Amino acid sequence: MDKKGKTSESLSRGLSILELLGVEDSGYTLKEIADRAGMSKTSAHRYVTMLCDQGYLLRSPRSGLYRLGVRTLSLSLAIVEHSELVHLVKPLVDEAGERFGVHIDVGLLAGDAIYLIYRRDSKDTRAFRSFSYSSALHYLATGKAAMAFLEPGALRALVDRLDLVGPTARTITDPQVLLAELEEARRLGFARNNEESLPGLIAIGAPLFSLRTGAVIGAVSFDSSTATFSMQEFENQFAGHLVELAKKMSAVVSL
């Protein structure tokens, strides 16, 4: 491998560690980082030391866990504040949040994962840990909504690649059951997350499409708590509004 190739590989590995830490805000040990990033503990130590020295990671002296550092947080804030895409979706999301009083997430697909680009919290979901990036598409309302509208061959291949495990007893872990639910979501125009990611959290998600290609590019979700609504009540009251918001947002994210 030439020098350029080695540099590209090093950059890729460093970024993979940052992505990993962006998912789990409670932090990881060096061994966990090595195992999850698919590298030796020695290599992982070299990368995390470099990232810590540059301020992108921070190691807790008490627990030894690695978390995102202030430089990463500052960079992410700057990206959000200056992103044209965020500026386009924000007025639509804020207006809907003000009108309906629900938590709203907007995520875009990239590879086999969905990345949050804008969130508006509500008072009944602030106690829940929310995602910023996830490759666990099968138990998020945004992930399931996007999956449901993939081309059938691409969907089947994605389901085969996913690690169908989940954090609650309600998480769907059977591929055939998941495909059946996604088919229903495609028919309805929205997907459900019925306490599949966290106990007490319910959500419905609708797909976002590129108006140029017709391909699904992400999803938007309304989230609430079982202390406020049952799944059926939430769906009955908000599904129509969510689908309409998704149509409006598809028009602006496709610009």
Side-chain angles (χ1 to χ4, degrees), residues 8-25 28 33 36-39 47 51 56 68 72-73 75-90 92-93 104-120 129-166 178 182 185-186 190-191 193 196-197 203 205-221 223 245-246 249-255:
S8 297
E9 182 181 358
S10 295
L11 177 60
S12 177
R13 288 192 166 196
L15 290 173
S16 71
I17 291 174
L18 289 178
E19 283 197 347
L20 175 65
L21 273 294
V23 176
E24 183 52 71
D25 58 9
Y28 283 120
I33 291 173
R36 291 171 183 262
M39 63 181 72
Y47 284 109
L51 291 167
Y56 290 107
L68 294 181
T72 304
L73 299 176
L75 179 61
S76 63
L77 179 60
I79 291 171
V80 170
E81 287 182 343
H82 299 293
S83 167
E84 181 181 2
L85 190 56
V86 172
H87 290 167
L88 290 170
V89 303
K90 185 178 185 299
L92 295 173
V93 172
I104 303 175
D105 280 339
V106 183
L108 295 184
L109 285 175
D112 290 352
I114 192 158
Y115 293 80
L116 183 78
I117 64 164
Y118 189 63
R119 162 175 293 134
R120 181 185 170 99
R129 180 180 177 273
S130 300
F131 82 102
S132 56
Y133 144 86
S134 180
S135 56
L137 300 175
H138 62 291
Y139 60 69
L140 294 175
T142 49
K144 289 163 73 174
M147 288 175 68
F149 289 84
L150 291 171
E151 182 273 326
L155 173 59
R156 177 74 254 190
L158 174 57
V159 171
D160 288 343
R161 291 194 300 271
L162 289 177
D163 186 13
L164 297 181
V165 297
L178 177 60
L182 295 176
R186 190 180 184 99
F190 64 92
N193 168 6
E196 295 166 52
S197 57
L208 302 176
F209 295 99
S210 166
L211 299 188
R212 293 191 297 273
T213 66
V216 63
I217 56 174
V220 55
S221 71
D223 300 47
L245 176 61
M249 291 182 61
S250 292
V252 301
V253 299
S254 299
L255 294 177

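Throughout, numbering of the chain's residues begins at 1 and tracks the sequence. This is a predicted model, so every value here is computed, not measured.
When all heavy atoms of A191 and A145 are compared, the pair lying nearest together is CB-N, 3.6 Å. The two residues L109 and A146 come nearest to each other via the heavy atoms CD1-CB, 3.7 Å. The shortest non-hydrogen separation linking F209 to G214 is CD2-O, 3.6 Å. In this structure, A219 and I114 approach most closely via the heavy-atom pair N-CD1, 4.4 Å. Across all non-hydrogen atoms, the minimal contact from A246 to V220 is CB-CG1, 3.8 Å. Minimum heavy-atom separation, L51 to I17: CD1-CG2, 4.1 Å.
Looking only at side-chain heavy atoms (C-beta outward), L137 and L158 come within less than 4.5 Å of each other. Side chains of V253 and L88 form no contact here, defined as non-hydrogen atoms less than 4.5 Å apart. The side-chain heavy atoms of L155 and R186, taken from C-beta on, include no pair separated by under 4.5 Å. The shortest side-chain heavy-atom distance between V106 and L208 falls under the 4.5 Å cut-off. Inter-residue side-chain proximity for L85 and L108 is flagged as met; some heavy-atom pair is nearer than 4.5 Å.
Note: D112 CG to M147 CE = 9.0 Å, rounded to the nearest 0.5 Å. Here Y118 contributes atom OH and L92 contributes atom CG; the two are 10.5 Å apart, rounded to the nearest 0.5 Å.
No side-chain donor-acceptor contact under 3.5 Å links S221 to the backbone of D223. A distance-only check finds a donor-acceptor pair linking the side chain of H138 to the backbone of V165 [under 3.5 Å].
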